[in-house]
Protein chains: 2
Amino acid sequence: MQKRLDRMLDKLKARDFRITPQRMAVVKILAAGYGHPTVESIYEKVRKNFPTISVATVYKTVTLLKELNEVLELGFPQGSNRYDGSKPYPHPHLICTECGKIVDPDLASLTDMTQELISDTGFHIVSHRLDFFGVCPDCQRKKRKA
Amino acid sequence: MQKRLDRMLDKLKARDFRITPQRMAVVKILAAGYGHPTVESIYEKVRKNFPTISVATVYKTVTLLKELNEVLELGFPQGSNRYDGSKPYPHPHLICTECGKIVDPDLASLTDMTQELISDTGFHIVSHRLDFFGVCPDCQRKKRKA
DNA sequence: CTGCATGCAAATAGTTTGCATGACG
DNA sequence: CGTCATGCAAACTATTTGCATGCAG
């Protein structure tokens, strides 16, 4: 999505961060948000055009954008983190435990739940994370064949 | 909760796992479930009675009970995992970002959401995880003073 | 007694950091 | 041109694993 890319670049420029070719490449992938990539997969893609880039640089850019609230990090202790630059705010996820596919379902009722929580517990709620784990239709088919 | 402890021990015995003193100590702490402990905090507690126990043993017992579905693991990539043996099924959590306190709020509407998801996406849903992050009342007070 | 559990130490994986070199603005 | 970004390698942390010894059943 072009709008996301522009917004991310604007925010970087506004805070005087440099737009290097490597950063541009990483930001483009994150802005597209397709498939909720890992750092490793971003690294592999960027490497085709910038063979000298290091994973460290990808980590640094991803972390920078996370701090600017332009990327959502989905942390997984049992595997690599996934990143979403197209919807950088907390939202529900549907994760296939077979192939790792991540889908964004439509679930509107979360805002109501958050309101209910605030009055019930007195917490000042800053963020949330909702993950459903299951097997996607594609993997269900594969399993039936096997 | 005594009921949880008995159930965990029964399940271990039923599958011919040995009830060693170390295991008993770890299982007791998990069954109580108080505060959603880390492996490290379980280790420190057990060490008072069993000075020779190792973290590896705690990890092994926790992992075993997780596989028997008698402990819920809350994975945190930026910190240590937390464990809940009193409610070993997926449920919402409210986590203080200041002190790490974890509270179990009452939120019934999740089952409805899960049903909605299944018909919308075709996923076979196995589990979920819902975390709200915020600042608990205690830490809000402390911040005001500071 | 016999095999599973323990506990030490070493390995692992993902991520972060230090620092010398390079290039954006 | 000065400063920030890059990229290599080393550090770090939580967790897992290998293996010799010990103890529960």
Side-chain angles (χ1 to χ4, degrees), chain A residues 8-30 36-68 71-83 100, chain B residues 8-30 36-68 71-83 100:
Chain A
M8 290 163 100
L9 294 177
D10 284 353
K11 210 155 180 178
L12 287 173
K13 281 179 211 158
R15 314 232 178 158
D16 286 321
F17 291 110
R18 294 179 183 164
I19 312 291
T20 65
Q22 293 95 326
R23 259 187 196 162
M24 177 62 95
V26 171
V27 172
K28 269 185 185 168
I29 292 170
L30 286 169
H36 303 73
T38 61
V39 162
E40 194 63 27
S41 76
I42 296 171
Y43 169 66
E44 291 302 339
K45 272 186 192 166
V46 175
R47 206 142 73 110
K48 288 174 186 161
N49 296 318
F50 301 89
T52 69
I53 200 175
S54 65
V55 275
T57 299
V58 178
Y59 271 107
K60 281 166 187 166
T61 297
V62 163
T63 304
L64 175 60
L65 289 164
K66 188 177 62 177
E67 280 161 3
L68 297 178
V71 153
L72 179 73
E73 181 181 61
L74 299 180
F76 295 100
Q78 73 288 33
S80 301
N81 292 349
R82 308 277 290 254
Y83 296 88
Chain B
M8 288 162 101
L9 294 177
D10 284 353
K11 210 154 180 180
L12 287 173
K13 281 178 211 157
R15 314 232 177 157
D16 286 321
F17 291 109
R18 294 176 185 168
I19 313 292
T20 64
Q22 294 94 324
R23 258 186 197 164
M24 179 60 95
V26 171
V27 172
K28 270 185 184 166
I29 292 171
L30 285 169
H36 303 74
T38 61
V39 162
E40 193 64 27
S41 76
I42 296 171
Y43 169 66
E44 292 301 338
K45 274 187 190 163
V46 176
R47 206 140 74 110
K48 288 173 186 160
N49 297 318
F50 302 89
T52 68
I53 200 177
S54 66
V55 275
T57 298
V58 179
Y59 271 108
K60 281 165 187 167
T61 297
V62 162
T63 304
L64 175 60
L65 290 165
K66 189 177 62 178
E67 279 161 4
L68 297 177
V71 153
L72 179 72
E73 180 181 63
L74 299 181
F76 295 100
Q78 72 289 33
S80 300
N81 292 350
R82 309 277 290 255
Y83 296 88

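Every chain is numbered from 1, with letters handed out A, B, ... down the list of sequences.
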Nucleotide of D:dT15, C:dT6, C:dC19 approaching B:Tyr83 most closely (side-chain heavy atoms): D:dT15
Whole-Å distance separating the CZ atom of A:Phe76 from the C1' atom of D:dA14: 18 Å
On a heavy-atom basis, which atom in B:Leu74 and which in B:Phe76 lie closest, and how many Å separate them? O-CD1, 3.4 Å
Could you tell me the separation between the CZ atom of A:Arg23 and the NZ atom of A:Lys60, rounded to the nearest 0.5 Å? 10.0 Å
Which whole-number value in Å describes the distance from A:Leu64 CG to C:dT16 P? 13 Å
Among residues 45-59 of chain A, which residues get a heavy atom nearer than 4.0 Å to DNA chain C? A:Ala56, A:Tyr59
Please state how far atom OH in A:Tyr43 lies from atom C1' in D:dC8, giving the value in whole angstrom units. 11 Å
Look at the side chain of A:Thr63 and the backbone N and O of A:Tyr59, then say whether any donor-acceptor pair between them is shorter than 3.5 Å. yes
N/O donor-acceptor pair under 3.5 Å between A:Arg82 side chain and A:Glu73 backbone: no
Atom-pair distance (CG on B:Asp16; C1' on C:dG3), nearest Å: 12 Å
With rounding to the nearest 0.5 angstrom, report the OG1 to CE distance, A:Thr20 to A:Met24. 9.0 Å
Decide yes or no on side-chain contact (heavy atoms from CB on, under 4.5 Å) for B:Val27 and B:Leu65, but give the supporting numbers first. CA-CA 8 Å; B:Val27 172; B:Leu65 290 165; 3.8 Å; yes
Side-chain-base donor-acceptor pair under 3.5 Å for B:Lys13 and D:dG25: no
For A:Val71 and A:Met8, run side-chain contact (heavy atoms from CB on, under 4.5 Å): C-alpha distance rounded to whole Å, both residues' side-chain angles, the deciding distance at 0.1 Å, then the answer. CA-CA 9 Å; A:Val71 153; A:Met8 290 163 100; 3.8 Å; yes
Could you check B:Thr61, B:Val58, B:Ile42 and say which one makes a side chain to side chain contact (heavy atoms under 4.5 Å, CB included) with B:Ile53? B:Val58
Donor-acceptor contact present, side-chain B:Lys45 to main-chain B:Ile29, <3.5 Å: no
How long is the span from the NZ atom in B:Lys28 to the CG atom in B:Leu9, to the nearest 0.5 Å? 9.0 Å
Taking atom CZ of B:Arg15 and atom CD of B:Glu67, what is their separation to the nearest 0.5 Å? 10.5 Å
Send over the distance from B:Gln78 CD to D:dA14 P, rounded to a whole Å. 11 Å
Can you figure out which of D:dT6, C:dT15, C:dA5 approaches the side chain of B:Arg23 most closely? C:dA5
Can you tell me the distance, in whole Å, between the CD atom of A:Glu67 and the P atom of C:dT15? 15 Å
In whole angstroms, how far is the P atom of D:dT15 from the CZ atom of B:Arg82? 12 Å
So what does A:Asn81 hit on the nucleic acid, given a heavy-atom distance under 4.0 Å: a base, only sugar-phosphate, or nothing? sugar-phosphate
As an exercise, state the distance from NZ of A:Lys66 to OH of A:Tyr83, rounded to the nearest 0.5 Å. 5.5 Å
If we fit an axis to the first five pairs and another to the last five of the helix from C:dC1-D:dG25 to C:dG25-D:dC1, what angle do they make, to the nearest 10°? 40°
What integer distance in Å separates B:Glu44:CD from D:dA14:P? 13 Å
Pairwise N/O distances under 3.5 Å, protein to nucleotides 23-25 of chain C:
unit_1	atom_1	unit_2	atom_2	d
C:dG25	OP1	A:Ile19	N	3.1

